[in-house]
Asker: 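Dropping a structure here in structure tokens format, bear with me for questions.
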Amino acid sequence: MESTAHYEMPFAFMKKNMAHVVSSAEVQRDPLEESYIYQEKLGELNEQMRMIGLTVGDLQLLKQLRPQMEQKLEAITDAFYQSVVDVDKLRDIIVQHSTIERLKQTLRDHLLEILNDEINEAYVGKRFRIAEVHKRVGLEPKWYLSAFQNLQNEFFKIIYKEVKEEEQHIRIVSTITKLLSLEQLLVLEACEKENMNEKQQQYEWVRKELKQSIAAFVGELPI
């Protein structure tokens with residue numbers, strides 16, 4: 001069993017470095033804290049990030065948290081996949097297409113990317129590819145959203161346990177919530193596009209079949 005001292009160590013660095021970010025005695029913030037993320041190539045996503053209040057300061061905070069959160073990722077992924085395999089349908093999908101250990105490693109790598117301080121085309125593209133995989137293996141959005149809520153809960157458990165100062169606590173929870181919300185927005189948008197493409201393909205197939213049927217019927221008419 002881990003000692004209390006061990007639990008206090010991971011966030012010691014964070015507490016010292018975040019004093020200027022969320023101090024109850026100081027209301028001024030770093031200008032970067034209020035700068036919204038903008039990259040021309042991301043198009044409409046810039047407005048979505050603005051709507052959820054995701055700032056450059058949030059990304060910098062996540063980068064600060066990365067060394068401490070990295071120590072906790074194994075516990076997060078273990079708890080996450082334990083809840084997943086408790087659902088028969090999800091367990092069957094995993095058994096058919098992958099393994100728990102492989103998916104745990106993939107999730108750890110994915111979460112480390114979230115804790116980086118950059119959101120760009122590569123970041124967005126990878127989330128779209130994740131949605132394509134979900135679609136291919138038959139993972140419905142409702143299960144994805146449920147699982148993601150569980151992942152957020154695991155993050156919050158650690159934050160509530162490790163961060164004692166209320167202002168810091170609120171700031172970190174807010175930042176984690178924004179990033180996980182962005183993850184869900186990206187994957188759900190990709191799922192929607194996949195569904196639209198699938199419907200378009202079905203429409204084209206039906207139209208082609210109908211044209212062929214009409215042509216065959218006309219060809220059989222007496223002259």
Side-chain angles (χ1 to χ4, degrees), residues 1-15 18 52 54 58-59 61-117 119 123 126-127 129-131 133-135 137-166 168-188 190-191:
M1 181 178 295
E2 294 178 298
S3 65
T4 303
H6 177 75
Y7 281 124
E8 293 175 351
M9 288 299 292
F11 282 81
F13 166 86
M14 179 195 67
K15 291 178 180 178
M18 288 181 57
I52 63 177
L54 187 62
D58 288 317
L59 297 187
L61 174 58
L62 286 172
K63 189 174 183 180
Q64 285 184 326
L65 293 176
R66 177 171 169 146
Q68 292 73 44
M69 295 303 294
E70 190 170 357
Q71 299 177 35
K72 300 295 183 179
L73 287 185
E74 184 172 357
I76 291 174
T77 55
D78 285 348
F80 173 79
Y81 274 107
Q82 183 56 55
S83 70
V84 169
V85 298
D86 284 342
V87 180
D88 292 342
K89 183 173 184 177
L90 301 184
R91 184 175 61 250
D92 291 344
I93 291 175
I94 292 173
V95 170
Q96 183 177 354
H97 297 280
S98 188
T99 66
I100 293 294
E101 289 307 313
R102 181 180 176 184
L103 291 175
K104 282 183 179 180
Q105 183 58 53
T106 300
L107 180 59
R108 281 193 288 268
D109 294 342
H110 186 77
L111 294 178
L112 284 175
E113 286 185 355
I114 293 177
L115 296 173
N116 283 335
D117 64 340
I119 295 175
Y123 183 98
K126 186 169 184 179
R127 273 68 193 164
R129 289 191 294 275
I130 289 172
V133 172
H134 288 173
K135 179 73 174 178
V137 303
L139 180 64
E140 299 169 275
K142 64 181 180 181
W143 294 114
Y144 168 78
L145 291 175
S146 298
F148 221 89
Q149 182 59 53
N150 182 277
L151 181 64
Q152 180 170 282
N153 292 342
E154 293 303 321
F155 267 110
F156 289 171
K157 285 178 185 178
I158 290 177
I159 294 169
Y160 290 139
K161 188 172 186 178
E162 303 289 350
V163 183
K164 305 305 180 184
E165 187 174 333
E166 184 177 1
Q168 292 180 356
H169 185 165
I170 293 172
R171 181 70 181 91
I172 296 168
V173 166
S174 174
T175 296
I176 292 291
T177 300
K178 292 175 190 178
L179 259 292
L180 295 184
S181 294
L182 178 62
E183 288 286 307
Q184 293 176 83
L185 284 172
L186 290 172
V187 173
L188 290 177
C191 286

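Atom set for the values below is all heavy atoms of this structure, side chains included, hydrogens, waters and symmetry mates excluded. Count residues from 1 along the sequence.
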Asker: May I ask you to test the Glu162-Gln68 pair for a side-chain heavy-atom distance under 4.5 Å?
Answerer: no
Asker: Return yes when atom CZ of Arg91 has more than 12 non-hydrogen atoms of other residues, nucleotides or ligands closer than 6.0 Å, and no otherwise.
Answerer: yes
Asker: Does some side-chain heavy atom of Val163 sit less than 4.5 Å from a side-chain heavy atom of Val173?
Answerer: no
Asker: Has the side chain of Arg108 got a donor or acceptor atom that lies under 3.5 Å from a matching backbone atom of Glu74?
Answerer: no
Asker: Does any part of the side chain of Leu65, heavy atoms only, come nearer than 4.5 Å to the side chain of Thr175, both counted from C-beta?
Answerer: no
Asker: Do Leu62 and Ile176 come close enough that some side-chain heavy atom pair is under 4.5 Å?
Answerer: yes
Asker: State whether a side-chain donor-acceptor pair under 3.5 Å links Asp109 with Gln105.
Answerer: yes
Asker: Does the Ser98 side chain pair with the main chain of Ile94, one donor and one acceptor, at a distance under 3.5 Å?
Answerer: no
Asker: Are any of the side-chain heavy atoms of Ile93 and Trp143 separated by less than 4.5 Å?
Answerer: no
Asker: Examine distances only and state if a side-chain atom of Lys164 and a backbone atom of Lys161 form a donor-acceptor pair shorter than 3.5 Å.
Answerer: yes
Asker: Identify the two heavy atoms, one from Arg127 and one from Ile114, that lie closest to each other, and give their separation to 0.1 Å.
Answerer: NH2-CG1, 3.7 Å
Asker: Looking at Arg171 and Asp58, is there a salt bridge between them, counting it only when a charged N and a carboxylate O are closer than 4.0 Å?
Answerer: yes
Asker: Donor-acceptor pair, Ser174 side chain versus Ile170 backbone, under 3.5 Å?
Answerer: no
Asker: Considering only heavy atoms from C-beta outward, does the side chain of Lys104 approach that of Phe80 to under 4.5 Å?
Answerer: no
Asker: Could you go through Asp78 and Gln82, starting from their C-alpha distance and side-chain angles, then the distance that decides it, and tell me whether this counts as side-chain hydrogen bond (donor to acceptor under 3.5 Å, both in side chains)?
Answerer: CA-CA 6 Å; Asp78 285 348; Gln82 183 56 55; over 6 Å; no
